[in-house]
Enquirer: 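Here it is, the structure, as C-alpha cells.
Throughout, a chain's letter reflects where its sequence line sits, starting with A, and its residues are numbered from 1.
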There are 2 protein chains.
Amino acid sequence: MASLTEGSRRPIRLADIAKAAGVSHGTASNVFSRPEIVREEVRERVKAAAEALGYAGPDPKGRLLRAGKVNAIGVATTEPLSYFFDDPFARVMMAGISEACDATGAGIALVSAGNEEKLAWNIQSALVDGFILFCIEGGPRLVELTRERKLPFVALEFGSQDDTVSAISIDNVAGGRLAAHHLAVLGHRRFAVLSLAFADDSTGLVSPEQVRTAAYTGTRDRLLGYFEELSQFGVDTAKVPVYETENDKASTRAGLETIFASAEPPTAILAMSDRIAMVALEWLNARGITVPRDVSVVGFDGVPEAAICEPPLTTIAQPIAEIGRRAARRILDFDGTVRRETLDVELVVRASSGPPPSTG
Amino acid sequence: MASLTEGSRRPIRLADIAKAAGVSHGTASNVFSRPEIVREEVRERVKAAAEALGYAGPDPKGRLLRAGKVNAIGVATTEPLSYFFDDPFARVMMAGISEACDATGAGIALVSAGNEEKLAWNIQSALVDGFILFCIEGGPRLVELTRERKLPFVALEFGSQDDTVSAISIDNVAGGRLAAHHLAVLGHRRFAVLSLAFADDSTGLVSPEQVRTAAYTGTRDRLLGYFEELSQFGVDTAKVPVYETENDKASTRAGLETIFASAEPPTAILAMSDRIAMVALEWLNARGITVPRDVSVVGFDGVPEAAICEPPLTTIAQPIAEIGRRAARRILDFDGTVRRETLDVELVVRASSGPPPSTG
DNA sequence: CACCTTCCTTGGATCGATTCAAATTTTTGC
DNA sequence: GCAAAAATTTGAATCGATCCAAGGAAGGTG
C-alpha cells in the first residue's frame, strides 16, 4: 500500500484552515489553543475544515518560536549517548530527572556526540530551555561549551572549584571519612586506595604532588576524607598506595596487580566508585582471596548493582536520584541565580566489609 | 561596557548584531551559517560585534522554523519516562537507537506521560521529525495518538495486525517453536506456559477462546509457536496450562502457584519474557525446586540480565539493539513507505534447561 | 574605456504559529 | 428601543532565523 506522500503536497498550515473555514488566523489559532473563547458554531466549522484538509494540528515548530519556551531540558555528556542507558549511576540519575520532568510535563533531550566539534554543535542547536551536565569526563570543556549557549545549566559530578558554575554535588570529604572510619573501626590498618582520575589522561600510582595539583577536586576530596580519618587512627597515609584508575575493568585490574604485588598487601580497599569496587570483588574472588574474610572492600556511589553483587557491597551512598530531581528542578524553576549545592552521603554497610584477618 | 546585567533583559538577536556591525541581517546570518562566503574583514567585524554584545549564536528556535527539520527523533511509550532507564529490554533497545542517532548526529527526545491526556499533548508538541513507538502496553492507542501528528513513525513490539502501521517486529511463531523444540528434544512432555497479555486487563489461566480472540497477536503467535512444535512431539496442548501474567513479579508468582498446585506439575516452563522467566527462577529456587534438575525454564527476549542470573537462562534472543538501530534509520531516512519488517530470533542455550528428571 | 566576470552584500519573503489592541457583533438592562 | 456591557473576531505585529533573486563593487580582458 502506498503512503501519505501524495504528490508534492506541502503540509497544511493553520492559515489554510482559516481560509477554508472563512475565519481569520487569529480565530483559527484560538480554536486550537483556547477553544473556550470561540463561539461553538465557528469552532465546529474550523474543526470540520481541519478534518477535511487533514490538518495535523498546530505545528509545535511555529508555536515554539512564538512562545520562546521549549519546555524540555537537555542532558549532556561527553560520553556516547548509550552511556545514559548503560551506566548504573547515570540510569538512577536519569530516573530522578525523569521524575521531576514527568511532574511538570517537561521533555528530556539527550545530548552527546562522538567528537568535540559535533558535541559543540549539538549543544548549540539543542532545543531546550536549559542543560544538566554530566561532567564525568571533560567537565570543564563541557561547561565551557554550554556556557556559550547562555541558557541556565547545572553541572553534576563537577570536580572543579569554579564558583561561577551552578552545580549540585555531594560532600566528598565526608564520604571519604565515612568509608575510612568504618574500616578503621573494624580494625584495619593496612589500606590501599583505588581512585578515580585526579587529572586527564593519567593513571597508575599517584604521588602527593599529583594529589595537591589535582584537576578533579572531587577525587581529591574523597582521598582527603580517607586520609584525614585514617590519620586519626594512626595510619601513616604516606604509605597508603593510591592507584588512579580510569573507572574501568582494565585499569582497575592493573591497579590491583600493583597493589597486591606488595610485600604487605592491604587488608582493606577503599574504592572511589562502586564500579571499581565491583571489579575488585571479581578480581579478588578470581584470585581466591575471600571478601571480607581476607580483604574488605568499600565502594562509593551506592548504585543498585552494589546491593546485589557477590558479596553485596559496603558503600558510600549518594542520593543519586535526588541529585537528578534537584538538578531538573533547578532548570525548570530557574531563578537566575548561580548556586553550588552539596548533599550528604550515607554509609551503607553490607557484606563486603568485616574485621581484618587476625594476624595470628 | 556592555555587561550581562544590562537593564533590558531581552536576549540579543541576530538583527542586533547586524545593526551593530553595520551589515544586513542576511550577511550576519551568513557569518554564522556559511562563513566562507563572507569577506574576512566583514566576518571579523560581525564576530566582534557578536562578542561585544554577548550574542549566544543563532537561536536554534529560529533556524528550526525555517529549516523545517528538527533533526531529532522521539521515542514514545505509555510507560513512565523512567521505563527507558529501568527496563533491560528498553535499555538495549535505546542503546541501538542511540547508536544510529549518534552516527547521523540526530538527537533523541523521550516522550511519555502519566495520563493519556498529557501523553496526547506531549506527542502533539514534541519537537521531532518522527517517532519510535514502544508499544508494550496500550499500543493501538499510542499509534492512534501518533498518527494524528502526521509524522513518520515506527511501532516496536506492536502486537496487532494493522497493516497501515510501519513496524519492526520479530518472528514470534518461530521463536515459540525454537523454545518448545529445544525442551521437547531434551525429553520434556509436561509443560506450562507463563504468558504475556493476550488482551488488556486480563490475567489468570487462559482459555482457547481467549487465545483465538487475542488482541495482542505477538503473545498469540508465541503461544502458537509453542503449541505447533509441542504437537509435533505428541504433546496434547489442550492440557498445557497457559497462565497470563502482567510481566511482573506478583502475577508471575500467582501463575506459578496455580501451575504447581496441579497433580502433575510441569517439568518445563515456557516463559514469554526473560523477566517472567527470572521471576520463575527465583520462585522455584525459594521452593527448593532445582533448575534445571527438577524443572527447566526457557525465557524470551535475550536481555543481558538473562546471561548473568542464577542459573543463566536459556532464552530466545531477539536482536534487540538491531531492532532499535533499524527503527531509528527508518525515521532518519524516511522514504514515505509503510513497511512491516520481521527479524529472526535465535535460541540461546544456557544452564536453565536440561533433560527432565527421570521418572524412576 | 566599455564590458564581462566574479565575488559579496542587500533586503524582502518565508517558515507556522501566537498575541493583543481594536473593531464588530451580541446581550443585557431598563 | 437604545445605550452600555460583554462576547467574539479580526488582522497586523512578532518570535528569530535562513534563503535567494537582484544589486554593486572589484578585478580582468580586448
Side-chain angles (χ1 to χ4, degrees), chain A residues 9-46 49-50 53-71 121 124-129 149-151, chain B residues 8-47 49-50 53-71 121 124-129 149-151:
Chain A
R9 206 180 45 174
R10 112 174 133 45
I12 316 296
R13 305 193 314 288
L14 188 54
D16 302 323
I17 304 304
K19 198 193 302 175
V23 298
S24 70
H25 21 265
T27 299
S29 171
N30 285 334
V31 169
F32 292 98
S33 49
R34 300 137 76 196
E36 69 283 1
I37 74 163
V38 178
R39 195 152 42 96
E40 175 163 0
E41 184 225 314
V42 177
R43 201 193 312 149
E44 291 311 322
R45 185 147 43 91
V46 173
L53 292 172
Y55 181 56
D59 187 329
K61 295 203 283 292
R63 189 206 335 273
L64 171 61
L65 179 56
R66 180 69 228 204
K69 262 214 132 199
V70 184
N71 199 31
W121 170 255
Q124 277 299 316
S125 61
L127 288 158
V128 298
D129 299 318
R149 188 67 193 276
K150 289 172 175 135
L151 287 176
Chain B
S8 69
R9 298 281 293 165
R10 186 165 70 50
I12 317 295
R13 304 192 314 289
L14 188 53
D16 302 324
I17 305 302
K19 198 193 300 179
V23 298
S24 72
H25 56 263
T27 297
S29 172
N30 286 334
V31 169
F32 292 98
S33 51
R34 299 138 75 196
E36 69 282 2
I37 73 163
V38 178
R39 194 152 44 95
E40 176 162 358
E41 185 226 312
V42 177
R43 200 193 313 150
E44 291 311 321
R45 185 147 42 93
V46 173
K47 279 187 173 167
L53 292 172
Y55 182 56
D59 187 328
K61 294 202 285 293
R63 190 206 337 272
L64 170 61
L65 179 55
R66 180 70 228 205
K69 262 211 132 200
V70 184
N71 198 31
W121 170 254
Q124 276 299 316
S125 62
L127 288 158
V128 297
D129 300 317
R149 187 66 193 276
K150 290 177 174 128
L151 286 175

Enquirer: For DNA chain C, find the residues of residues 28-35 of chain B with a heavy-atom distance under 4.0 Å and give them by number; none if there aren't any.
Expert: none
Enquirer: Rounded to the nearest 0.5 Å, how far does CZ of A:Arg63 lie from NZ of B:Lys61?
Expert: 14.5 Å
Enquirer: Can you tell me the distance, in whole Å, between the CZ atom of A:Arg45 and the C1' atom of D:dT9?
Expert: 11 Å
Enquirer: With axes from five pairs an end, tell me the bend angle of the helix from C:dC1-D:dG30 to C:dC30-D:dG1, nearest 10°.
Expert: 40°
Enquirer: Which distance, rounded to the nearest 0.5 Å, do you find between the CG of A:Asp129 and the CG of A:Leu127?
Expert: 9.5 Å
Enquirer: Calculate, to the nearest 0.5 Å, the distance between atoms CZ and CG belonging to A:Arg66 and B:Leu65 respectively.
Expert: 12.5 Å
Enquirer: Quick one: A:Glu36 CD to D:dT9 C1', roughly how many Å, whole number?
Expert: 15 Å
Enquirer: I need the residues from residues 54-70 of chain A with at least one non-hydrogen atom less than 4.0 Å from DNA chain D; give them sorted by number, or say none.
Expert: A:Leu65, A:Arg66
Enquirer: Calculate, to the nearest 0.5 Å, the distance between atoms CZ and NE2 belonging to B:Arg13 and B:His25 respectively.
Expert: 11.0 Å
Enquirer: Check every nucleotide of DNA chain C for an atom under 4.0 Å from a heavy-atom of chain B, then give the first and the last such nucleotide from 5' to 3'.
Expert: C:dC8 to C:dG16
Enquirer: What distance separates B:Ile17 CD1 from B:Arg45 CZ, expressed to the nearest 0.5 Å?
Expert: 13.0 Å
Enquirer: Tell me if the CD atom of B:Glu36 is crowded by more than 12 foreign heavy atoms within 6.0 Å.
Expert: yes
Enquirer: What is the distance, to the nearest angstrom, from the NE2 atom on A:His25 to the P atom on D:dG11?
Expert: 8 Å
Enquirer: If you take any heavy atom closer than 4.0 Å to DNA chain C, which residues from residues 14-23 of chain A end up in contact?
Expert: A:Leu14
Enquirer: Provide the closest heavy-atom pair for A:Leu14 versus A:Ala28 in the form atom of the first, atom of the second, distance.
Expert: CD1-CB, 3.8 Å
Enquirer: Does A:Ser24 reach the side chain of A:Thr27, with side-chain heavy atoms less than 4.5 Å apart?
Expert: yes
Enquirer: What are the atom names and distances for every N/O pair under 3.5 Å that joins the protein to nucleotides 23-26 of chain D?
Expert:
none

Enquirer: Could you grab the distance from atom CG of A:Asp59 to atom CG of B:Leu151, nearest 0.5 Å is fine?
Expert: 8.0 Å
Enquirer: Could you walk me through whether B:Val128 and B:Val70 satisfy the side-chain contact (heavy atoms from CB on, under 4.5 Å) test, starting with their C-alpha distance in whole Å, then the side-chain angles of each, then the deciding distance to 0.1 Å, before giving a yes or no?
Expert: CA-CA 6 Å; B:Val128 297; B:Val70 184; 5.6 Å; no
Enquirer: Determine the minimum heavy-atom distance between B:Leu53 and B:Ala20, stating which atoms define it.
Expert: CD1-CB, 3.8 Å
Enquirer: Between A:Ser24 and D:dT10, does any side-chain N or O lie under 4.0 Å from OP1 or OP2?
Expert: yes
